[in-house]
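Naming: A, B, ... by sequence-line order, numbering from 1 per chain.
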Amino acid sequence: MKFTEEHEWLRVEDGDVVVVGITEHAAEQLGDVVFVELPEVGTTVTKDEEVVVIESVKAASDILAPIDGEVVEVNEALVDEPGKVNDDPEGESWFFKVKVEDLSVMDDYMDEAAYKAFIG
Amino acid sequence: MRDARCAPRTLTEAGRTGPGAPHGGYMAETDGTDRKDDLEQYAVREDVCACGVAHGPGEHHHHHPAAAEDDGGPLRTPLYDLHVELGAKMVEFAGYEMPVSYPLGVMKEHQHTRAKAGLFDVSHMGQVVLRSRRADAAQALERLVPVDVAGLAENRQRYGFFTNNAGGIEDDLMIANRGDHLFLVVNAACKEADVARLRAGLEPDVVVKSLDSRALLALQGAAAEDVLAGLNVAVREMRFMDVATLELAGAECWVSRSGYTGEDGFEISVPEAAAETLARALLAHPDVEAIGLGARDSLRLEAGLCLYGHDIDSESSPVEAGLTWAIQKVRRPGGARAGGYPGADHIAWQMAEGVAWKRVGLRPEGRAPMREGVEIFAQATGGDPVGRVTSGGFGPTVGAPVAMGYVSAASAAPGTVLYGEVRGKRLPVAVAALPFVPAGFKR
């Protein structure tokens, strides 16, 4: 698992598919999530593009695409039950999966120890 | 993701600067962004005063709030150490370091308050005593508020607001008749301006004293009476908007049966030295949780109660805001003490002729919250805005997004379907009767 400075986690699955979610730390800081808007499957995304809208009781935030690729699956369960994001942010409550051409960008992201140091 | 880690910082900034200026006539400004990333909604009944600048009480009026930091930073209430001990997230709000939430979280804090009882520290709010000297304080205060103060019975309280010459609202407040004096509670961000207004308008006929050595706690929720009765059984005799002087946990407290959550409950003015003892005594009850400003905001929103600086301000009138119920008959045209307050002619004219814009409840039909600043349209495409959201978010008791805002009179009937523009998309929103959650007051 890799981590971004935007508090996303990325996990490679099936060779060229990257699963994206938000970290426990992010979920805790956000507070209770009440709304999630996901991209459509088939959308091509580029790094740093806003792909998900997430709203908590406190505020609206975006999730940025951490990598270039095509959205191949989204976690529809979060739309019906946004509170799941708080229950299991680093497991069941992933947001979307992106099929990527070039996985090398993963090397730019932090490992768990580096992320823990980053959030202090 | 963007903003998650920044949330506390964003909160701090929102608390310090607020929106920067009153929202003005709701159509007057176009919010360039259609997403509210900041957390203005954490403001609780107060945010900016009529001067347009959120400022702490330690500063002069019209001082920029940043100056507070030069003077040693934000103020703390007598319960600051207790908040920290309880694990609160602290934010700067109206010049004070205040708890925005505790480890329970906004959603559960909100639900706990309605189901059982929540304890709020509202010590940042202003407490003011008015005493008659050459003139009767109640009659004198009627020069500044369109409220029947002279007719307010002893040991009773009522809601009111200061108006300006244009009929706008300078602040909203509670007025209690405590026998030989009036006791006012005003919004934190406005308290200096309010005291200045009272001094200018009432002295030397009336003695105006701003109290800075009393804390203010609110105990709200269905179990509030049972909890407080454990400290003094006399609270059971109080009805909604009664006030009394009662001993609680060894201290002489000024208690009112009121609050700002839509629930039954009490507001308790307590000498600051006794505040922590009282708060701990209340928190010791298994039904009581400490509740932060975040839940206070969602509770008052569901209750349809206005947040000063957002839902009402110096450019919105009581008639537009739907607050004419707070102007008693005796102060309306034809009444024995009609008018005589700032903007009375304008407000009387609006009561007779109607207004172009009205504050309404708004229920987004989808799941997306519509927050402050969202523009409202009559059609799904095209046309000019017919309104704007002034407070909005998720209503934990309603289980769906709720909002309030101003819309044109033609669009203000409950049930009217309008469209709020969120992130560039027009989403259906229905005009709804307020409150969203029925009040639990003990009348």
Legend entry - E365(B) atom CD: more than 12 heavy-atom contacts under 6.0 Å: yes
Inset, instruction - Using non-hydrogen atoms and a 4.5 Å limit, figure out which bit of P82(A) sits close to chain B: side chain, backbone, both or neither. - result: side chain
Inset, instruction - State whether E55(A) and R371(B) are salt-bridged, where the test is any N-O pair (Lys NZ or Arg NE/NH1/NH2 against Asp/Glu carboxylate O) under 4.0 Å. - result: yes
Inset, instruction - For the pair R367(B) (side chain) and E37(A) (backbone), establish whether a donor and an acceptor sit closer than 3.5 Å, ignoring hydrogens and angles. - result: no
Inset, instruction - Could you tell me which of P401(B), P369(B), A400(B) has the largest number of non-hydrogen atom pairs under 4.5 Å with chain A? - result: P369(B)
Legend entry - side-chain contact (heavy atoms from CB on, under 4.5 Å) between Q29(A) and K89(B), intermediate numbers included: CA-CA 10 Å; Q29(A) 294 295 328; K89(B) 278 187 196 171; 4.3 Å; yes
Legend entry - Side chain proximity check, V34(A) to M107(B), heavy atoms < 4.5 angstrom: yes
Legend entry - Gap between atom CD of E109(B) and atom CG of D32(A) - 0.5 Å precision: 9.0 Å
Legend entry - Heavy-atom contact with chain B under 4.5 Å, split by part of E28(A): backbone
Legend entry - Over 12 non-hydrogen atoms of neighbours within 6.0 angstrom of CD in E13(A): yes
